Engineer: 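Got a structure for you, written out below as structure tokens; questions coming shortly.
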Amino acid sequence: MCYSAIVWQHYGDYVRAFGADINITEFFRLYVDRKDTPTIKIPKAMDDAFRKPRNDEEKLITQLIEQYNSERASELEQELFKQRRRLADAERSLQTRTTKKAENDQRIATDKVGRIMRRLDDLRRSVPEDRDARIFPGMYAPVMISENGRRVVKPMRYQCRPAGKPALYDRKYPGTYNARRDNLEGFWKGQFGHTHGVMVVETFFENVARHDLEHRELAPGEKLE
């Protein structure tokens, strides 16, 4: 895998294409855990797969998603109010005297207001976009595995950790969302050929420095991006 990818997020696609079963219990457990664990990140497209629940289990997941989105929107609206007030204070200050603090507050608040508005728009938007299905390291996505001779779809985190290793491995080796082919019979030999899962990827994204992509050197004072 590369740094990021657009993947199939609707478990139904795996069911139709491969005759897989869905482990609804694992999906339900993930959404329950997200209520109290802010670090759990689920793509919008995976949430949207439960927009039209077909049974009682899926209805429970839909309720959890709606509750989470409502609480998240409330948090964002509070932060939006805070940043708009910060921006207004900075602009009033700049009308009388230009200071570094006021300029920084204006710039930071403007950026944050824009980001918050985009997040609120995403929460409320019902029309899907390609980026809704994009995953980054640490995010969850549906993965198909083999269990007792059956293909089963479960949600899994986009992060590789050798079996039996503690959670601190994720911090000690932050690049382990990526398993290079030349390491499959080395570092990953305990997983390669033994604990495979399958995920359908439509687009890959590589993490590269902007100046490298543009085939140039960093300009004086320019920060790495």
Side-chain angles (χ1 to χ4, degrees), residues 1-50 57 61 64 130-213 215 224-225:
M1 281 291 290
C2 292
Y3 170 69
S4 178
I6 292 178
V7 306
W8 282 10
Q9 293 287 357
H10 200 305
Y11 63 86
D13 293 335
Y14 291 90
V15 173
R16 288 186 291 271
F18 304 105
D21 296 324
I22 176 177
N23 188 323
I24 196 68
T25 301
E26 290 296 329
F27 280 90
F28 178 74
R29 182 179 294 118
L30 174 63
Y31 281 103
V32 169
D33 290 344
R34 184 172 68 165
K35 289 174 53 181
D36 303 313
T37 311
T39 54
I40 291 179
K41 304 297 182 184
I42 300 174
K44 177 177 173 59
M46 186 165 145
D47 285 349
D48 288 347
F50 296 97
E57 291 87 352
I61 293 175
L64 288 169
D130 288 344
R131 61 188 175 88
D132 296 343
R134 186 172 178 180
I135 58 170
F136 294 86
M139 296 181 73
Y140 281 79
V143 173
M144 187 172 67
I145 64 172
S146 177
E147 276 187 342
N148 301 318
R150 290 287 300 164
R151 292 169 177 166
V152 180
V153 180
K154 294 182 176 182
M156 292 189 181
R157 190 181 56 140
Y158 179 23
Q159 182 84 30
C160 301
R161 186 196 303 166
K165 298 299 182 182
L168 61 84
Y169 241 62
D170 298 344
R171 298 186 298 275
K172 187 176 181 181
Y173 302 104
T176 51
Y177 58 80
N178 187 311
R180 295 179 62 89
R181 178 176 294 184
D182 54 6
N183 286 331
L184 293 181
E185 295 180 356
F187 187 86
W188 300 107
K189 64 181 180 181
Q191 284 67 55
F192 182 56
H194 303 285
T195 56
H196 269 130
V198 175
M199 181 168 59
V200 179
V201 178
E202 296 183 343
T203 307
F204 287 106
F205 299 87
E206 188 57 87
N207 185 17
V208 298
R210 179 179 293 276
H211 70 283
D212 286 338
L213 181 66
H215 306 291
L224 182 67
E225 180 181 357

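Start at 1 with the first residue, then count along the sequence. Since this is a predicted model, take the numbers as computed values, not measurements.
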Engineer: Could you check Ile145 against Thr195 for side chain to side chain contact (heavy atoms under 4.5 Å, CB included), going step by step and ending with a plain yes or no?
Structural biologist: CA-CA 8 Å; Ile145 64 172; Thr195 56; over 6 Å; no

Engineer: Please determine if Asp170 and Arg157 form a salt bridge, counting it only when a charged side-chain N lies under 4.0 Å from a carboxylate O.
Structural biologist: yes

Engineer: Indicate yes or no: at least one non-hydrogen side-chain atom of Ile6 is less than 4.5 angstrom from one of Asp132.
Structural biologist: no

Engineer: Within this structure, what is the CG-OG1 distance for the pair Asp130 and Thr203, rounded to the nearest 0.5 Å?
Structural biologist: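 Atom-to-atom, Asp130:CG and Thr203:OG1 are 7.5 Å apart.
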
Engineer: Any carboxylate oxygen within less than 4.0 angstrom of a Lys/Arg side-chain nitrogen, looking at Glu26 and Arg29?
Structural biologist: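 Counted as a salt bridge, because a side-chain N and a carboxylate O are separated by less than 4.0 Å.
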
Engineer: Is Val15 close to Asp21 at the side-chain level, that is, under 4.5 Å between some pair of heavy atoms?
Structural biologist: no

Engineer: Between the side chain of Gln9 and the main-chain N/O of Ala133, is any donor-acceptor distance below 3.5 Å?
Structural biologist: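 Checking the backbone N and O of Ala133 against the side chain of Gln9, a donor-acceptor pair under 3.5 Å is found.
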
Engineer: For Arg134 and Ser4, does a side-chain donor sit closer than 3.5 Å to a side-chain acceptor?
Structural biologist: yes

Engineer: Please round to the nearest 0.5 Å and tell me the distance separating atom OH of Tyr11 and atom CG of Asp13.
Structural biologist: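 So the OH of Tyr11 and the CG of Asp13 are separated by 10.5 Å.
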
Engineer: Which heavy atom of Val152 sits nearest to which heavy atom of Ala20, and what is that distance?
Structural biologist: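 Shortest heavy-atom contact: N-CB, 4.5 Å.
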
Engineer: Report the C-alpha distance between Lys41 and Arg34 in whole Å, list the side-chain angles of each, state the deciding distance to 0.1 Å, and finish with yes or no for side chain to side chain contact (heavy atoms under 4.5 Å, CB included).
Structural biologist: CA-CA 8 Å; Lys41 304 297 182 184; Arg34 184 172 68 165; over 6 Å; no

Engineer: Using every non-hydrogen atom in the two residues, find where Pro142 and Met199 come nearest and quote the distance to one decimal.
Structural biologist: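 Shortest heavy-atom contact: O-CG, 4.0 Å.
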
Engineer: Step through the shown structure and confirm whether more than 12 heavy atoms of other residues, nucleotides or ligands are within 6.0 Å of CZ on Arg151.
Structural biologist: no

Engineer: How many angstroms lie between atom CD of Glu57 and atom CD1 of Ile22, to the nearest 0.5 angstrom?
Structural biologist: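 The CD atom of Glu57 sits 9.5 Å away from the CD1 atom of Ile22.
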
Engineer: Look up atom NZ in Lys44 and atom CZ in Arg131, then write down how far apart they are to the nearest 0.5 Å.
Structural biologist: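 So the gap between those two atoms works out to 9.0 Å.
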
Engineer: Under 6.0 Å between ring centres: does that hold for Phe27 and Phe50?
Structural biologist: yes

Engineer: To the nearest 0.5 angstrom, please state how far the CE atom of Met144 sits from the CG atom of Asn23.
Structural biologist: 14.5 Å

Engineer: Walk me through whether Leu64 and Phe28 qualify under side chain to side chain contact (heavy atoms under 4.5 Å, CB included).
Structural biologist: CA-CA 9 Å; Leu64 288 169; Phe28 178 74; 3.7 Å; yes

Engineer: If you look at every heavy atom in Val198 and Tyr14, which pair is closest and at what distance?
Structural biologist: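 Taking every non-hydrogen atom into account, O-CE2, 4.2 Å.
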
Engineer: I'd like to know if the side chain of Tyr158 and the backbone of Ala5 have a donor-acceptor N/O pair within less than 3.5 Å.
Structural biologist: no

Engineer: Show your working on side chain to side chain contact (heavy atoms under 4.5 Å, CB included) between Ile42 and Asp47 and close with a plain yes or no.
Structural biologist: CA-CA 7 Å; Ile42 300 174; Asp47 285 349; 3.5 Å; yes

Engineer: If you look at every heavy atom in Met46 and Pro155, which pair is closest and at what distance?
Structural biologist: CE-CB, 3.6 Å

